[in-house]
Amino acid sequence: MASGSATPAQAAAWLARDAVDSLPAGELERKLVSVAEQGRSLRVKLGIDPTAPDLHLGHTVVLRKLQEFQGLGHQVVLIVGDYTARVGDPSGRSQIRPLLTGEQVDANARRFADQAAHVLDVGEVELRFNGEWLDMATHELFALARTTTIAQLLERDDFAKRQAAHEPVSVLELLYPLLQGYDSVAVKADVELGGTDQKFNLLLGRDIQRAYGEEEQAILTMPILPGTDGVRKMSKSLGNEIAVLDRPEQIYAKTLRVPDDALAQWWELLCDEPPSPGLSPRDAKRTLARSLVARFHDEAAAQDAERAFDRVFVDHELPEEIEDASFHAGDGEVHLPALVAELFGMSRSEARRLQEQGGVRIGGAMLSGAELDLAPEMLDGQVLQVGKRRHRRLHRRG
RNA sequence: GGGGGGAUGUCCGAGUGGUUAAAGGAGACGGGCUGUAAACCCGUUGGCUCUGCCUACGCAGGUUCGAAUCCUGCUCCCCCCA
């Protein structure tokens, strides 16, 4: 572990140990030397666009890195991209993002700021919203636009690929990297962090800074955390995320569902210490799951989550806590597909299909596709189970 | 401004007048196996008052006994030339 007494070279090497790129070569170390001489600390920038409402594990990879800088006494500048979220970062995207409304963005931005507190010591963080400076006059935007050429922007992979595939790239998207770069100008960033998919934007930030007569930032890129599918980048829109605010059981269960192939990466990107050697993949995963729950909740919650998980999925018992749900019986029988559809947000046809496939149980007994209408007495007080993980305790109403 | 190409279900992608709710793949979901992993097997994947009915192949009309497939207009996208 590095400490305040480490030399700049040691600190730089330690900070970059798990990064993919630390560019330009030697720059981070030079910055560390230079600020030490000036008697100040580094201004380390991270920008997050609140395009989705919640922070997830993928965000925490970079946030943890930010925290390391913080631990060494540097100034963290967290930029919530309330303004850039309206533009849409094309990084890694194969198509134009749908635009969010101003209200959505504002609501998301506030949530983000709150949630960052789960990962960072926000008391020490300089939190900024980039609408503060990006809501600029047109002539200022023109000045910004003059700093960069089309050729520079088209060097970028995503744009090049989309061009080649005859997919649209809007001028607005082209502008995005400039706006991000301007953030660096506005906060006088010495270092900017990001995922590897941000490399182009981060590097372009240097050009923008130079154009504005500022000193250029060093950049550090972190690996991208795969989602719970083990393949694609973790993101809310792909539904493969574990959110910082997920409940303990969710964090635990989702972690166990991660394919083993991705396990090593998860350990590396999310934990300080590697798993003890000799630990089976299964146990390594369980350990990881516990530690993640403990990180975002606490140790007791981790124990409980594991117990609850084992109860349901290892011992095949009902969960201890089952959400209640009421059903309306009227005088006749209850149409099960309608009830299932209503309870779990699916269509009746879908519910019917699930039942035909043996995915619906009442009181542990699998129902056949013929048992669509049941007497209310057979349901009242019983546990309805759909698939392996959805349960409701039914209560008659009316 | 001119010319050409394209728009199909969650996604990719077949299909150019009739057994097409629409091949195939991916993803997802259910069942089995299991470590809620991987691999593998089986099945499902528009809606519904479900042995049938309704809605669907960019949008709106039209031709036809019958259209995703033909015609007309419109919208959007891409490429080339200027």
Side-chain angles (χ1 to χ4, degrees), chain A residues 93-96 98-99 154 159-173 226-233 235-242 246-267 275 279-290 292-293 305-319 330 332-362 364-373 384-391:
Chain A
R93 287 277 159 167
S94 55
Q95 30 183 302
I96 296 177
L99 259 192
L154 289 183
F159 291 148
K161 277 184 195 146
R162 281 162 61 183
Q163 283 279 300
H166 296 183
E167 279 161 11
V169 178
S170 75
V171 172
L172 191 60
E173 289 178 274
T228 51
D229 58 12
V231 179
R232 298 172 296 177
K233 175 184 178 179
S235 89
K236 170 91 174 172
S237 56
L238 292 175
N240 63 358
E241 89 286 9
I242 293 181
D246 272 349
R247 296 157 45 75
E249 313 84 72
Q250 290 179 301
I251 296 178
Y252 190 91
K254 286 181 183 177
T255 303
L256 282 208
R257 205 159 31 165
V258 172
D260 286 3
D261 290 344
L263 193 54
Q265 249 177 311
W266 274 50
W267 266 99
L279 210 55
S280 73
R282 171 180 174 277
D283 290 331
K285 204 182 286 180
R286 287 169 70 94
T287 307
L288 174 63
R290 279 197 309 274
L292 289 175
V293 175
E306 183 162 276
R307 238 192 321 276
F309 178 87
D310 286 348
R311 179 187 169 93
V312 176
F313 295 109
V314 176
D315 302 329
H316 301 291
E317 288 176 36
L318 290 174
E333 302 190 305
V334 176
H335 191 56
L336 214 53
L339 182 61
V340 170
E342 182 194 335
L343 253 29
F344 300 105
M346 57 180 78
S347 72
R348 293 181 181 197
S349 297
E350 196 177 352
R352 180 188 301 265
R353 275 185 236 116
L354 280 176
Q355 186 166 339
E356 278 163 7
Q357 293 176 71
V360 177
R361 292 163 204 265
I362 292 289
M366 189 184 280
L367 295 175
S368 78
E371 302 168 275
L372 294 175
D373 297 288
L384 165 69
Q385 180 175 356
V386 175
K388 289 194 172 97
R389 41 199 141 119
R390 288 171 287 196
H391 304 82

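Lettering follows sequence order; numbering is per chain, from 1. All values below were derived from every heavy atom in this structure, side-chain atoms included, with hydrogens, water molecules and symmetry-related copies excluded.
- With B:rG30, B:rG35, B:rG31 as the candidates, the nucleotide lying closest to the side chain of A:Arg389 is B:rG30.
- Evaluation of the side chain to side chain contact (heavy atoms under 4.5 Å, CB included) rule for A:Leu318 yields A:Ile322, A:Val383, A:Gln385, A:His391 as partners, not counting sequence neighbours.
- In this structure A:Asp261 satisfies the side chain to side chain contact (heavy atoms under 4.5 Å, CB included) test with no other residue, sequence neighbours excluded.
- Across B:rG52 and B:rG61, the matching P atoms stand 30 Å from one another, rounded to whole Å.
- For A:Glu241, the side chain to side chain contact (heavy atoms under 4.5 Å, CB included) criterion is met by A:His56, A:Met234, A:Lys236, not counting sequence neighbours.
- The gap from the C1' atom of B:rU69 to that of B:rA7 amounts to 14 Å, rounded to the nearest Å.
- Separation of the C1' atoms belonging to B:rC70 and B:rU55 is 23 Å when rounded to the nearest angstrom.
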List the protein contact pattern of nucleotides 40-49 of chain B with one symbol per nucleotide (5' to 3'): B for base contact, S for sugar-phosphate-only contact, - for none; contact means a heavy-atom distance under 4.0 Å. ---BSS-SBS

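- Counting any heavy atom pair closer than 4.0 Å across all strands shown, A:Arg390 reaches sugar-phosphate atoms only and no base atom.
- The C1' atoms of B:rC65 and B:rG2 are separated by 43 Å, rounded to the nearest whole Å.
- Counting distance only, with no hydrogens placed and no angle test, the side-chain atoms of A:Asp229 and the base atoms of B:rG27 include no donor-acceptor pair under 3.5 Å.
- Rounded to a whole Å, the CG atom of A:Asp261 is 13 Å from the P atom of B:rA37.
- To the nearest whole angstrom, the two C1' atoms, one in B:rG30 and one in B:rC57, are 28 Å apart.
- A:Lys254 comes within contact range of no nucleotide atom at all, as no heavy-atom separation falls under 4.0 Å.
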Could you summarise the pairing of RNA chain B as dot-bracket text, marking Watson-Crick and G-U pairs under 3.5 Å with ( ) or [ ] inside the strand and | across strands? ((((((((.[[[..)..(.....]]]((((((.......))))))(((...)))...[[[[[..)....]]]]]))))))).

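- With sequence neighbours left out, the ring-ring contact (aromatic ring centres under 6.0 Å, His included) criterion links A:Phe344 to no other residue.
- Here A:Val312 lies out of heavy-atom contact (under 4.0 Å) with every strand.
- Using C1' as the reference atom, B:rG58 and B:rU8 are 10 Å apart when rounded to the nearest Å.
- Using a 4.0 Å heavy-atom cutoff across all strands shown, A:Val314 reaches sugar-phosphate atoms only and no base atom.
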For A:Ser347 and A:Ser349, what are the C-alpha separation, side-chain angles and deciding distance, and is it a side-chain hydrogen bond (donor to acceptor under 3.5 Å, both in side chains)? CA-CA 5 Å; A:Ser347 72; A:Ser349 297; 4.6 Å; no

